[in-house]
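Take a look at the structure set out below.
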Protein chains: 2
Amino acid sequence: MFELDLRSREPIYQQLVNKFKTLIINQVLATDEKLPSVRTLAQQLTINPNTIQKAYRELEVQGYIYSIKGKGSFVAPIIEQENQATLTTLKEELKKLLSEAIFLGLTKQEVIKMIDQIIVEVEGGEK
Amino acid sequence: MFELDLRSREPIYQQLVNKFKTLIINQVLATDEKLPSVRTLAQQLTINPNTIQKAYRELEVQGYIYSIKGKGSFVAPIIEQENQATLTTLKEELKKLLSEAIFLGLTKQEVIKMIDQIIVEVEGGEK
DNA sequence: TAACTGTACTACATAAACTAATACGGTTAG
DNA sequence: CTAACCGTATTAGTTTATGTAGTACAGTTA
């Protein structure tokens, strides 16, 4: 199923994350399809289950899959994937920008004001 | 001149970078003003000159100072308008990103948390 | 209850980051 | 021109972070 480079500079779990991302984005793995269990895949690749676990957690954080204890890990609904993935990226960019802006003198109050304004625009004042 | 926290989790050179940034941005150090030499400051702070050097290099890379071998390190010309312009640009980018992120589910609380975190990093927990 | 599932905790090896010791090369006052 | 300043490169040692593995715990289902 996978070809891993065990002695690559790129961590194994990262390779797994990328492989799965590709498969999921290209719809090779359908929504709600079950991924191999951490143990199964680990045995198959002759690596430690915890490495698979780390990859799966990363995929989950990034919104590509969801895991249920005792049941398994599954491909997340596409829209949610996209949004979560995008959001994660956005958060990183946001943090960089915010750091820079705060350093240049942007105040917390200004940012909050900005957010309030945006929320009004986007959500029309709900919440 | 400086108060360093030698056993902070934040690297010494990073603390120095931040202190100098603040001083330069707030015009406490004027344009072309000479910074203490790496050895002088090192002796004063009882740390290694190389640590100062690392801080100075970082400041140079980020455009805050310039160094001349054999002469010293000096505050780089900082045009206030440039900063303001940068800040304005950043604000626009910020607004776009924030709009997108909030649309995707980022909450106001998350952003505020993010800001607090950044402020702590930038100011290094003084007060 | 047995055989699956994900997950938490710990430990260990390795890689990266940080700081220091030393030496080298440019500038300038005397 | 040399002594006393400057920044900088190289190297090494120490600490910290990262990646992986071993083991044990906890939920699910037939």
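We use all heavy atoms of the structure for the numbers below, so side chains are in, but hydrogens, waters and symmetry mates are not. Naming: A, B, ... by sequence-line order, numbering from 1 per chain.
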If I take atom CD in residue A:Gln15 and atom P in nucleotide D:dG19, what distance separates them, rounded to the nearest angstrom?
12 Å
Picking from B:Phe74, B:Tyr13, B:Phe20, what satisfies ring-ring contact (aromatic ring centres under 6.0 Å, His included) with B:Tyr56?
B:Phe20
Take the protein atom CD of A:Glu60 and the nucleotide atom P of C:dT5, then report the distance between them rounded to whole Å.
17 Å
A:Ser37 vs C:dA3: side-chain N/O to OP1/OP2 distance below 4.0 Å:
no
Shortest non-hydrogen pair, A:Ala76 vs A:Tyr66, comes out as CA-CD2, 3.8 Å
Determine the contact category for A:Arg57: base if any of its heavy atoms lies under 4.0 Å from a base atom, sugar-phosphate if only primed atoms, P, OP1 or OP2 are that close, otherwise nothing.
sugar-phosphate
A:Glu58 CD to C:dG6 P, straight-line distance once rounded to whole Å
17 Å
A side-chain contact here means heavy atoms from C-beta on lying under 4.5 Å apart; do A:Asp116 and B:Lys108 qualify?
yes
Euclidean distance, atom CZ of residue A:Arg39 to atom P of C:dA8 [Å, nearest integer]:
13 Å
Starting at atom CD1 of B:Ile65, determine the distance to atom C1' of D:dT8, rounded to an integer number of angstrom.
13 Å
Tell me whether the count of non-hydrogen atoms from other residues, nucleotides or ligands lying under 6.0 Å of NZ in B:Lys96 goes above 12.
no
Is A:Glu110 reaching over with its side chain to a backbone N or O of A:Thr107, donor-acceptor style, under 3.5 angstrom?
yes
Rounded to the nearest Å, what distance is computed from the CD atom of residue B:Gln53 to the C1' atom of nucleotide D:dA9?
9 Å
Indicate yes or no: at least one non-hydrogen side-chain atom of B:Val111 is less than 4.5 angstrom from one of A:Ile112.
no
Sub-4.5 Å side-chain heavy-atom contact between A:Tyr64 and A:Leu35
no
B/S/- along nucleotides 12-20 of chain C (protein heavy atoms under 4.0 Å) is ------SBB
I'd like to know if the side chain of A:Asn48 and the backbone of A:Asn50 have a donor-acceptor N/O pair within less than 3.5 Å.
yes
Between B:Tyr66 (OH) and D:dC6 (P), how many Å, whole number?
16 Å
Under 3.5 Å: donor-acceptor pair, side chain of A:Gln53, backbone of A:Val38:
no
Under 4.0 Å from any atom of DNA chain D, heavy atoms only: list the residues of residues 69-77 of chain A that qualify, in numerical order.
A:Lys69, A:Gly70, A:Lys71
Using a cut-off of less than 4.0 Å, is there contact between a side-chain N or O of B:Ser67 and OP1 or OP2 of D:dG7?
no
